[in-house]
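Presented below is the structure to which this report refers.
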Number of protein chains: 2
Amino acid sequence: MSKSLPSTSRSLPIALIRAREGVMYPIRKMLSETGITEQQWRVLRVLIEFGRMDTKTLADRSSLLFPSLTRIVATLREKGLVTQTRDDKDRRRQFIEITPEGQRIIDERTSQAADIVTSFKKTLGEDDYEALLDLLARLDPGAQD
Amino acid sequence: MSKSLPSTSRSLPIALIRAREGVMYPIRKMLSETGITEQQWRVLRVLIEFGRMDTKTLADRSSLLFPSLTRIVATLREKGLVTQTRDDKDRRRQFIEITPEGQRIIDERTSQAADIVTSFKKTLGEDDYEALLDLLARLDPGAQD
DNA sequence: TAGCAATAGTTAACATGTTAAGGGAATGGT
DNA sequence: ACCATTCCCTTAACATGTTAACTATTGCTA
């Protein structure tokens with residue numbers, strides 16, 4: 001008979017937004033000094049972690065929708081942070097690769113970003129931090145449990 | 001010496017996005033039949049739960065930034081789902097109130113939305129579901145622990 | 001091999017997120 | 001009364017989220 005909704009203060013979607021807001025605050029503060037956005041940072045990090053890849057894979061690994069990624073890659077290319085080359089075997093596909101300049105931007109802030117991660121681990125405690133990541137993964141349809 | 005970043009697959013911001021994506025998928029599907037967006041739904045729900053209130057309070061309770069709320073309220077007003085009246089005592093302030101038509105839209109979908117909530121509780125289990133909400137609240141700077 | 005479906009990616013249109021600036025109204029101190 | 005400050009809200013500008021339509025290329029298949 002659960003025909004009523006929970007109070008908005010116990011709503012899962014809202015809780016996810018608010019948590020994200022809290023987590024992103026120091027990260028956005030850090031990124032504001034770099035001139036790149038949170039999503040651009042994410043794309044560059046994925047490119048560093050996995051290397052050159054096609055747009056579809058990049059969208060998937062960055063958790064970005066295709067149209068968003070199209071725009072973001074265009075911006076990054078204009079900034080000289082990535083290169084975009086067409087696949088000769090399948091001319092529909094494009095390969096994206098990070099440039100040394102892109103590498104540099106991430107490298108310069110990696111230590112600072114790691115400190116932010118550490119501070120959240122301290123806030124929750126190592127165990128709760130890992131437990132949270134596991135719980136979140138169980139809500140992700142893309143994750144293979 | 002933790003100077004390196006976690007793999008993007010264990011990144012807290014990314015995990016929050018992906019979990020949110022998973023949670024929102026069925027909700028967006030449900031909302032697509034109503035003609036209102038997720039944020040508009042959230043605003044209407046807050047108005048039902050707490051009643052008439054000023055814009056600032058509404059923004060806070062809806063977890064929306066002021067500029068976003070300005071646009072959303074304008075849209076809802078045009079749709080006839082809320083009314084906006086100026087405070088006579090302090091003419092800077094505006095009061096927002098839901099209309100019967102707005103009420104109706106939420107009422108018609110409340111049972112459906114409750115089912116979605118139930119399905120996520122079942123996915124995680126009641127205990128883990130509550131644990132997740134508590135963990136998320138600890139990341140929310142606005143929540144008073 | 002002509003035709004049709006599937007795939008990779010872009011473009012369009014509208015709503016929201018985010019930061020900064022602006023505008024009108026109350027407030028506090030002088 | 002005067003003025004700076006603060007407050008509530010709006011507007012602007014740019015980036016992203018989201019869905020749908022579209023282009024180009026490839027693959028399948030009758």
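Reminder, nothing fancy here: chain letters follow the sequence lines and each chain counts from 1. Because only heavy atoms are used, hydrogens play no part in the values below, and waters and symmetry mates are left out as well, while side chains stay in.
The phosphate of dT10(C) (OP1 or OP2) has a side-chain N or O of Thr70(A) nearer than 4.0 angstrom. Distances shown here put every side-chain N or O of Thr55(A) at or beyond 4.0 Å from the OP1 or OP2 atom of dA8(C). For Arg93(A) and dT7(C), the shortest distance from a side-chain N or O to OP1 or OP2 is not below 4.0 Å. Listed pair Thr37(A) / dT16(D) meets the phosphate criterion, a side-chain N or O lying under 4.0 Å from OP1 or OP2. Remark: Gln39(B) is in phosphate contact with dG17(C), judged by side-chain N or O atoms under 4.0 Å from OP1 or OP2. Contact between the side-chain N/O atoms of Arg91(A) and the OP1/OP2 oxygens of dT25(D) is found at a separation under 4.0 Å. When the side-chain nitrogen and oxygen atoms of Arg28(A) are compared with OP1 and OP2 of dG17(C), none of them lie within a distance under 4.0 Å.
For Leu65(B), the listed nucleotide lying nearest its side chain is dT19(C); candidates were dT19(C), dG9(C), dA15(D). Of the candidate nucleotides dT19(C), dC9(D), dG17(D), dT19(C) has the atom nearest to the side chain of Pro67(B).
Atom pair Lys89(B):NZ and dT27(C):P shows a separation of 13 Å (rounding to whole Å applied). Here the P atom of nucleotide dG17(C) and the CD1 atom of Ile17(A) are 7 Å apart, to the nearest Å. The distance between atom CG of Asp60(A) and atom P of dG9(C), rounded to the nearest whole Å, is 12 Å. Atom P of nucleotide dT11(C) and atom CD of Gln94(A) are separated by 10 Å, given to the nearest angstrom. Protein atom NZ of Lys29(B) is 12 Å distant from nucleotide atom P of dT19(D), rounded to whole Å. Rounded to a whole Å, the NZ atom of Lys56(A) is 4 Å from the P atom of dA8(C). As a whole-Å value, the separation of Glu78(B) CD from dC14(C) C1' is 13 Å. Between the CZ atom of Arg20(B) and the P atom of dT16(D) there is a distance of 18 Å, given to the nearest Å.
There is no side-chain donor-acceptor pair under 3.5 Å between Gln39(A) and Ser62(A). Inspection of the Gln94(B) and Thr55(B) side chains reveals no N or O donor paired with an N or O acceptor under 3.5 Å.
Counting distance only, with no hydrogens placed and no angle test, the side-chain atoms of Arg71(A) and the base atoms of dG17(D) include a donor-acceptor pair under 3.5 Å. Judged by atom type and distance alone, Arg92(B) reaches the base of dC7(D) through a side-chain donor-acceptor pair under 3.5 Å.
Using a 4.0 Å heavy-atom cutoff across all strands shown, Leu69(A) reaches no nucleic acid atom at all.
For the pair Arg86(A) and Phe95(A), the NZ or CZ position fails the cation-pi test of under 6.0 Å to the six-membered ring centre and within 45 degrees of the ring normal.
For Phe50(A), the CZ atom is densely surrounded, since the number of other residues' heavy atoms within 6.0 Å is greater than 12.
Here Arg104(A) pairs with Glu101(A) in a salt bridge; the nearest charged N to carboxylate O distance falls below 4.0 Å.
Put simply, the side chain of Met53(B) does not reach to within 4.5 Å of the side chain of Ile96(B), judged on heavy atoms.
When the nearest nucleotides of DNA chain C are assigned to Phe66(A) and Arg42(B) by heavy-atom distance, the more 5′-ward of the two goes with Phe66(A). Nearest-nucleotide positions on DNA chain C place Glu38(A) closer to the 5' end than the other of Asp90(B) and Glu38(A).
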